[in-house]
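Since the structure comes first, as structure tokens, the remarks are kept for the end.
Residue numbers count from 1 along this sequence.
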Amino acid sequence: MTGKVTALDLVQAELGEATKAYFDKCREKLGLVPNVLLAYAFDEKKLRAFTDMYNDLMLGESDLSKLEREMIAVVVSSINHCFYCLTAHGAAVRQLSGEPAFGEMMVMNFRAADLSDRQRAMLEFAVKLTEEPAKIVEADRAALRQAGFTDRDIWDIASTAAFFNMSNRVAAAVDMRPNPEYHAMAR
């Protein structure tokens, strides 16, 4: 699948000015338009829904830091073996943490990393929600509260984990490929 964003043969829609401006902002801030956005660009309404949810979860107001949200994305993607998200969000963890080795640990085995009790509780919850969502019980939420999370934080942890489970499945289904630039970022 050399050079393609996905294995599907979908034609990019005629993009509106707001979307073109968003892509320009990506080029300015990241040096690229993430392939996930290009993958959704066959339908501007779907692209907008994806970016609105992503931007709210990952960049919106939350007591979870940007790094913590990226850590959730990577741990969920690690469980799901999502090549796209591990590559893109692994780069984000490396960049935000300033520690390439930490980013690699998040990708391969977060339990090998030197994490705070708070971070460990957050990630263990994301793992359980990914692997066994029907087994989440009050004790799981209580463990997060004991680690210092508010109920709003629990919502944000769950929403971020759920979003990446959905994204991982779409990426797997269409064989979405990461931008090659991500591999060299923050090393």
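For the atom pair CG of Leu38 and CG of Asn179, the computed distance is 7.0 Å after rounding to the nearest 0.5 Å. Taking CZ of Arg69 as the start and CE of Met71 as the end, the distance is 13.0 Å to the nearest 0.5 Å. With rounding to the nearest 0.5 Å, the separation of CG in Asp24 from NZ in Lys29 is 13.5 Å. Residue Thr51 holds its OG1 atom at 11.0 Å from CE of Met53, rounded to the nearest 0.5 Å.
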Exercise. After noting the C-alpha distance and the side-chain angles of Ser77 and His89, does the key distance pass the side-chain contact (heavy atoms from CB on, under 4.5 Å) rule?
Worked result: CA-CA 9 Å; Ser77 300; His89 297 280; 5.5 Å; no
Problem set entry | Worked check of salt bridge (Lys or Arg N to Asp or Glu O under 4.0 Å) between Asp117 and Arg120 | CA-CA 5 Å; Asp117 291 342; Arg120 192 167 305 284; 5.4 Å; no
Exercise. Please walk me through it: do Met176 and Val36 pass side-chain contact (heavy atoms from CB on, under 4.5 Å)?
Worked result: CA-CA 7 Å; Met176 191 179 299; Val36 67; 3.7 Å; yes
For this session: Dump the intermediate steps for side-chain contact (heavy atoms from CB on, under 4.5 Å) on Arg141 and Glu138, then the final yes or no.
Result: CA-CA 5 Å; Arg141 291 180 289 276; Glu138 184 55 35; 3.1 Å; yes
Problem set entry | Test salt bridge (Lys or Arg N to Asp or Glu O under 4.0 Å) applied to Glu70 and Arg94, step by step | CA-CA 10 Å; Glu70 290 290 352; Arg94 290 191 307 270; over 6 Å; no
For this session: Could you please spell out the steps behind the salt bridge (Lys or Arg N to Asp or Glu O under 4.0 Å) verdict for Arg145 and Asp153?
Result: CA-CA 9 Å; Arg145 289 183 192 107; Asp153 297 336; over 6 Å; no
Exercise. How far apart are the C-alpha atoms of Cys85 and Phe164, what are their side-chain angles, what is the distance that settles it, and do they pass the side-chain contact (heavy atoms from CB on, under 4.5 Å) test?
Worked result: CA-CA 8 Å; Cys85 289; Phe164 280 95; 4.2 Å; yes
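A 6.0 Å sphere centred on NZ of Lys46 holds no more than 12 heavy atoms belonging to other residues, nucleotides or ligands.
Between Val33 and Phe23 the shortest heavy-atom distance is CG2-O, 3.7 Å. Between His183 and Thr87 the shortest heavy-atom distance is CE1-CG2, 3.4 Å. Pairing each heavy atom of Ala13 with each of Asp43, the nearest pair is CB-N, 4.4 Å. Between Ala186 and Pro100, the shortest heavy-atom contact is O-CG, 3.5 Å. Residues Val127 and Arg111 come closest through the heavy atom pair CG1-NH2, 4.0 Å. Of all heavy-atom pairs spanning Met185 and Glu181, the tightest one is CG-O, 3.3 Å.
In the hydrophobic clustering of ILVMFWY residues, with side-chain heavy atoms under 4.5 Å counting as a link, Met108 and Val76 come out together. Under a hydrophobic-cluster definition in which Ile, Leu, Val, Met, Phe, Trp and Tyr are linked whenever side-chain heavy atoms come within less than 4.5 Å, directly or via other members, Trp155 and Phe149 are assigned to different clusters. A continuous path of ILVMFWY side-chain contacts below 4.5 Å connects Met166 to Leu86, so both sit in one hydrophobic cluster. Taken together through direct or relayed side-chain contacts under 4.5 Å among Ile, Leu, Val, Met, Phe, Trp and Tyr, Phe83 and Met105 form parts of separate hydrophobic clusters.
Ring geometry for Phe163 against Tyr54 counts as tilted: the plane angle lies between 30° and 60°, on a 0 to 90° scale.
With a 4.5 Å cut-off on side-chain heavy atoms, Phe102 and Asp114 do not count as touching. Using a 4.5 Å cut-off on side-chain heavy atoms (C-beta onward), Asp63 and Arg152 make no contact. Side-chain contact check for Phe110 versus Glu124: some heavy-atom pair is nearer than 4.5 Å. In this structure the side chain of Phe50 reaches within 4.5 angstrom of the side chain of Ser167, judged on heavy atoms. Counting heavy atoms from C-beta outward, Gln119 and Glu68 have side chains that approach closer than 4.5 Å. The shortest side-chain heavy-atom distance between Phe42 and Leu8 does not fall under the 4.5 Å cut-off.
Judged purely by distance below 3.5 Å, without hydrogens or angles, the side chains of Ser159 and Asp156 never pair a donor atom with an acceptor atom.
In this structure, Lys135 contributes its side chain and Lys128 its backbone to no donor-acceptor pair below 3.5 Å. Judged by distance alone, the side chain of Asp52 and the main-chain N or O of Ala49 form no donor-acceptor pair under 3.5 Å. No donor-acceptor distance shorter than 3.5 angstrom exists from the side chain of Thr160 to the backbone of Ile157, with no hydrogens or angles considered. Side-chain atoms of Asn168 never come within 3.5 Å of backbone atoms of Cys82 as a donor-acceptor pair (strictly under, hydrogens ignored).
The pair Lys20-Glu44 does not count as a salt bridge, with every side-chain nitrogen at least 4.0 angstrom from each carboxylate oxygen.
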